[in-house]
*Asks:* 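Quick one: the structure is below, and I'll ask about it shortly.
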Amino acid sequence: AHPLVGDFVTELAEWGGPSGYLGLPSSDALQVATGFTQDFEGGIITRDFSAHTFVVYGGIAAKYRQLGGAAGALGVATADEADAPGVSGARESDFVNGRIYWSPATGATGVYGGILARYIQLGASVSLGIPIGDEHDVTGVPGARQSDFQTGSIFWSAGTGAWEVHGG
């Protein structure tokens with residue numbers, strides 16, 4: 001048995017209670033660096049220190065858990081999952097330190113750091129589409145990182161910052 005406390009009770013009720021989409025809690029609530037989190041059978045509820053609660057679910061929740069959930073580098077959610085602008089059928093969730101995208105064609109992928117900042121500056125999914133794979137090292141360039149998107153790539157290094165290449 002896992003107790004529900006405070007805002008998590010209200011948020012769970014908005015999702016149909018224990019018999020609704022999220023189901024029963026599968027962990028106790030946990031405080032992390034950026035707020036609070038609690039796992040459920042069908043998703044995750046997070047709460048920031050300003051008492052804003054958000055639900056992470058489906059393929060985005062699976063990726064979020066893989067990346068460490070609220071206790072990981074992304075931190076708690078900062079918005080409810082929404083349609084990704086400009087990409088039919090794609091979804092996105094924002095977190096304190098990053099964003100996760102999901103579509104039936106690409107699955108779930110995370111974007112964060114300098115690459116995310118540049119992606120947002122360029123217009124995010126409206127300009128490059130959604131990410132088609134996880135961020136990775138650039139072969140042969142120590143410390144450099146790359147994220148590939150539907151219509152291009154963004155590269156980042158401490159020396160150059162982030163820059164994009166279209167036509168990926």
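When a residue number appears, it is its place in the shown sequence, counting from 1.
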*Asks:* V5 and F49: same hydrophobic cluster, using ILVMFWY side-chain contacts below 4.5 Å?
*Replies:*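 Different clusters: V5 never reaches F49 through Ile, Leu, Val, Met, Phe, Trp or Tyr contacts under 4.5 Å.
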*Asks:* Do F95 and V56 have side chains that approach each other closer than 4.5 Å (heavy atoms only, starting at C-beta)?
*Replies:*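 Of all side-chain heavy-atom pairs linking V56 with F95, at least one is under 4.5 Å.
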*Asks:* May I ask you to decide if the ring planes of Y57 and Y21 are parallel, tilted or perpendicular, using 30° and 60° as cut-offs?
*Replies:*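 The rings of Y57 and Y21 stand perpendicular, inter-plane angle above 60°.
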*Asks:* Answer with yes or no whether the hydrophobic clustering places V87 together with V111; edges join I, L, V, M, F, W, Y residues whose side-chain heavy atoms lie under 4.5 Å apart.
*Replies:*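 Yes; V111 is reachable from V87 via cluster members.
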*Asks:* Between D80 and V55, which heavy-atom pair has the shortest distance, and what is it?
*Replies:*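 Heavy atoms only, the tightest pair is OD1-N, 3.7 Å.
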*Asks:* Rounded to the nearest 0.5 Å, what separation is found between the NE2 atom of H2 and the CD atom of Q38?
*Replies:*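 Between H2 NE2 and Q38 CD, I get 8.0 Å after rounding to 0.5 Å.
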*Asks:* Looking only at heavy atoms, which two atoms of F40 and R65 are closest? And how far apart?
*Replies:*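 Smallest heavy-atom distance, with atoms named: O-NH2, 3.4 Å.
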*Asks:* Is there a path of hydrophobic side-chain contacts, each under 4.5 Å between heavy atoms of I/L/V/M/F/W/Y residues, joining F149 to I120?
*Replies:*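 I120 and F149: one cluster.
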*Asks:* Only one of L128, L116, V165 forms a side chain to side chain contact (heavy atoms under 4.5 Å, CB included) with I154, so which one is it?
*Replies:*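 Among the candidates, only L128 passes.
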*Asks:* To the nearest 0.5 Å, how far apart are CD1 in I115 and CD in Q146?
*Replies:*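 If we round to the nearest 0.5 Å, I115:CD1 and Q146:CD are 8.0 Å apart.
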*Asks:* Determine the sole option in D48, D94, N97 for which the side chain to side chain contact (heavy atoms under 4.5 Å, CB included) test with T78 is passed.
*Replies:*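 Single side chain to side chain contact (heavy atoms under 4.5 Å, CB included) partner of T78 among D48, D94, N97: D94.
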*Asks:* Which residues pass the side chain to side chain contact (heavy atoms under 4.5 Å, CB included) test with L67, sequence neighbours left out?
*Replies:*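 Counting only residues at least two positions away or on another chain, L67 forms a side chain to side chain contact (heavy atoms under 4.5 Å, CB included) with K63, L74, I100.
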*Asks:* With heavy-atom distances below 4.5 Å as the criterion, would you say the side chains of L122 and E164 are in contact?
*Replies:*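 L122 vs E164: side chains touch.
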*Asks:* What closest approach, in Å, do S125 and E92 show between heavy atoms, and which atom pair accounts for it?
*Replies:*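 Closest pair (atom of S125, atom of E92, distance): OG-OE1, 4.5 Å.
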*Asks:* How long is the gap from CD on E81 to OG on S93, to the nearest 0.5 Å?
*Replies:*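 Reported to 0.5 Å precision, the distance equals 4.5 Å.
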*Asks:* Might you point out which heavy atoms bring L12 and G23 nearest each other, and give the distance in Å?
*Replies:*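 That closest heavy-atom pairing would be CD1-O, 3.7 Å.
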*Asks:* Same cluster for I44 and L4 if Ile/Leu/Val/Met/Phe/Trp/Tyr side chains link at under 4.5 Å?
*Replies:*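 Different clusters.
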*Asks:* Side chains of D39 and S26: donor-acceptor distance under 3.5 Å anywhere?
*Replies:*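 No, no side-chain donor-acceptor contact under 3.5 Å.
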